[in-house]
Amino acid sequence: MFRNLTLAPALVFALCVTGGAMTALPALAQDGPLRIEITDGVSEPVAVAIPEFHGDAEAASKIRQVVADDLTGTGLFREIPAEAHVASRGSFADAVAYEEWRAINAQALVTAEVTGAGEEISVKFRLFDVFAGQPLGDGMQFVARASDWRRAAHKIADQIYSRLTGEAAYFDSRVAFVQETGPKDARIKRIGVMDYDGANILWMTDSSSLVLAPEFSPDGKKILFTSFDSGFPQIQSLDVASVTSKPVTQGGGSMAFSPRYSPDGRWIVYSLEKSGNTDIWLMDAATGAQRPLTDSPSIETSPSFSPDGKQIVFESDRSGTPQLYVMGLDGGEPTRISFGEGRYGDPAWSPKGGMIAFTKQLGERFHIGVMRKDGEGEKTLTDSFLDEGPTWAPNGRVIMFTRVTPGGDGQPRLHSVDITGRNMRPMELDFAASDPSWGPLLP
């Protein structure tokens, strides 16, 4: 059975699925259906065969490569080289010669066909469990503008990833970031938006004023950021489609920074400095009405909502050194959750809800780490001269962060790491970048 998929009107893609619901995949086993257990990482990646896609040669080759890059980039899969393939298919509709794919130890097989019609392309794909000798889920067909071929490829990879892991996907998503140019003591910064893999960069601001810490709204249509247009940090909201911004806070002798949306987009939580004291404040995103959540002589900053929107985690030095605290939106005394050695900051609540990522400084080294929401199970994932600012992939599996190299010419670069601590990868960008914010999965 084939299910049709087109993309949402804003991108000339819509989701139009026919047939029954797609089941998440079973698991990897020689004597059973294919499944990948990735709770603690995968030491032996699953072997996937991705032969050349049929149809329009140029478009098919480009889409196939992005699909392969998406899957192998997770560290969970390895692509079987084309020169090892012994089976060939004359057309997309040909039957699968499972025995010939088993002969090269392929565990999963991806087949696809790409056809063009004017300014549109149609992409059909199938996924097969080679050892079980059967398809994994229904076939699917995507229709998209030809210019959106990368999104079509990411959608295919998302479906394959979800079927083989049972987890939500993250390839068809975007990341907001800050590009940095110039010397360390006079950096020029502007906000950009790109695909999760660094492609399709769009610039949201120019370099006329200092900008920091972009944060996507839950629907990915807006970005909150800190601007120094007025000479002091204030929060602005940027519409991604129109690339226009407007102030959220007005100053009045105070400084506002570190904004984040609630999961439903109703609230904005942020840090506000008044008369030398910094607290966490809550604003109604529609009306601008605001109230303080904390009232302490300590510095409270970097708030982040829980996925249910009922709590926030934030950084505070009320105990003498920066530590992490959790509190409800209805007030009450915050609960400290970090008790390891060192200084903690930059907390980010996982979209799955059970974990919180953070930056930790221990001695002269910095780490990106994770802990459960009650502070238990702390685990450091990185170790560097300077790692900071973690942000979660939409499925809660991967964390992106900024790594700064040492020395007078040190540059910030974006990196990602799996929550198991494996598969550390630098982003392939030809410029310095910092402050990533991973947006939602696109429709």
Side-chain angles (χ1 to χ4, degrees), residues 25 28 34 36-53 60-82 106-110 112 123 125 127 148-177 193-201 351 357 368 370 381-382 387 390-403 413-431 433 436-442:
L25 247 325
L28 175 58
L34 193 59
I36 304 173
E37 297 290 350
I38 57 178
T39 303
D40 297 313
V42 174
S43 56
E44 183 61 34
V46 170
V48 180
I50 313 176
E52 291 298 325
F53 291 176
S61 177
K62 293 191 300 183
I63 291 173
R64 195 208 72 84
Q65 190 59 56
V66 171
V67 171
D69 290 344
D70 283 348
L71 295 176
T72 57
T74 66
L76 303 174
F77 309 94
R78 68 175 179 87
E79 183 186 1
I80 296 177
Q107 294 165 292
L109 170 67
V110 178
V123 185
F125 90 96
L127 176 65
D148 286 326
W149 64 269
R150 293 189 66 90
R151 281 205 63 195
H154 290 321
K155 287 292 187 187
I156 293 173
D158 278 337
Q159 288 294 326
I160 295 168
Y161 178 91
S162 293
R163 297 187 195 189
L164 290 175
T165 66
E167 288 196 346
Y170 64 91
F171 303 126
D172 189 28
S173 60
R174 298 188 293 183
V175 174
F177 65 96
V193 171
M194 62 185 176
D195 294 355
Y196 98 100
D197 58 0
N200 293 331
I201 296 175
I368 300 299
V370 292
L381 308 178
T382 74
D387 288 346
T391 181
W392 292 89
N395 70 347
R397 166 57 51 179
V398 180
I399 293 172
M400 192 176 292
F401 61 96
T402 303
R403 169 166 288 181
R413 298 285 179 178
L414 302 186
H415 285 64
S416 65
V417 64
D418 189 277
I419 59 171
T420 63
R422 302 188 184 193
N423 199 39
M424 176 80 69
R425 292 169 57 88
M427 290 287 296
E428 298 296 332
L429 300 174
D430 58 3
F431 51 80
S437 172
W438 212 319
L441 197 67
L442 296 172

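For Ser162 (side chain) and Gln159 (main-chain N/O), no donor-acceptor pair under 3.5 Å exists by modelled atom type. One N or O on the side chain of Asp158 and one on the backbone of Asp172 form a donor-acceptor pair closer than 3.5 Å.
In this structure, Ala49 and Ala106 approach most closely via the heavy-atom pair CB-CB, 4.1 Å. Taking both residues in full, the closest heavy atoms of Pro45 and Gly75 are given as CG-O, 3.7 Å, listed atom of the first, atom of the second, then distance. Considering all non-hydrogen atoms of both residues, Ala393 and Pro351 come closest at O-CG, 3.5 Å. Between Val67 and Ala153, the shortest heavy-atom contact is CG2-O, 3.5 Å. A pairwise comparison of heavy atoms in Ala152 and Val123 identifies CB-CG2, 4.4 Å as the closest pair. Nearest heavy-atom pair across Asn395 and Ala168 is ND2-O, 2.9 Å.
Considering only heavy atoms from C-beta on, Arg413 stays 4.5 Å or farther from Pro426 through its side chain. Within the 4.5 Å cutoff, side-chain heavy atoms of Thr382 are placed close to those of Arg403. Annotation: side chain of Lys62 is not in contact with side chain of Arg150 (no heavy-atom distance under 4.5 Å). You'll find the side chain of Ile63 stays beyond 4.5 Å of the side chain of Phe125, heavy atoms only. Residues Arg397 and Thr420 meet the side-chain proximity criterion, which asks for heavy atoms closer than 4.5 Å. Contact check for Ile160 versus Phe77: no side-chain heavy atoms found under the 4.5 Å cut-off.
Not counting sequence neighbours, the partners of Pro81 by the side chain to side chain contact (heavy atoms under 4.5 Å, CB included) test are Glu83. The side-chain hydrogen bond (donor to acceptor under 3.5 Å, both in side chains) test applied to Asp195 returns Asn200, not counting sequence neighbours. Partners of Asn423 under the side-chain hydrogen bond (donor to acceptor under 3.5 Å, both in side chains) rule, at least two apart in sequence or in another chain, do not exist in this structure.
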*Check the pair Asp69 / Asp197 against side-chain contact (heavy atoms from CB on, under 4.5 Å), numbers first and verdict last.*
CA-CA 9 Å; Asp69 290 344; Asp197 58 0; over 6 Å; no
*In sequence, state the C-alpha distance, the side-chain angles, and the governing distance for Trp392 and Ile419, and then conclude on side-chain contact (heavy atoms from CB on, under 4.5 Å).*
CA-CA 10 Å; Trp392 292 89; Ile419 59 171; 3.4 Å; yes
*Given Val175 and Thr391, is the side-chain contact (heavy atoms from CB on, under 4.5 Å) satisfied, shown in steps?*
CA-CA 10 Å; Val175 174; Thr391 181; 5.7 Å; no
*Walk me through it: do Leu71 and Leu164 pass the test side-chain contact (heavy atoms from CB on, under 4.5 Å)?*
CA-CA 11 Å; Leu71 295 176; Leu164 290 175; 5.9 Å; no
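If you take CD on Glu44 and CD on Gln107, they are separated by 8.0 Å, rounding to the nearest 0.5 Å. Taking CG of Leu442 as the reference point, atom NE2 of His154 lies at 9.5 Å (rounded to 0.5 Å). How far OG of Ser437 is from CZ of Phe177: 12.0 Å, rounded to the nearest 0.5 Å. Here Leu441 contributes atom CG and Arg174 contributes atom CZ; the two are 11.5 Å apart, rounded to the nearest 0.5 Å. To the nearest 0.5 angstrom, Thr72 atom OG1 is 7.0 Å from Glu79 atom CD. For the atom pair CZ of Arg422 and OG1 of Thr74, the computed distance is 12.5 Å after rounding to the nearest 0.5 Å.
By the 30° and 60° cut-offs, the orientation of the rings of Tyr196 relative to Phe171 is tilted.
Residues Tyr161 and Tyr170 bring their aromatic ring centres within 6.0 Å.
For the side-chain contact (heavy atoms from CB on, under 4.5 Å) with Phe401, the qualifying choice from Leu381, Leu414, Val417 is Val417, the only one to do so.
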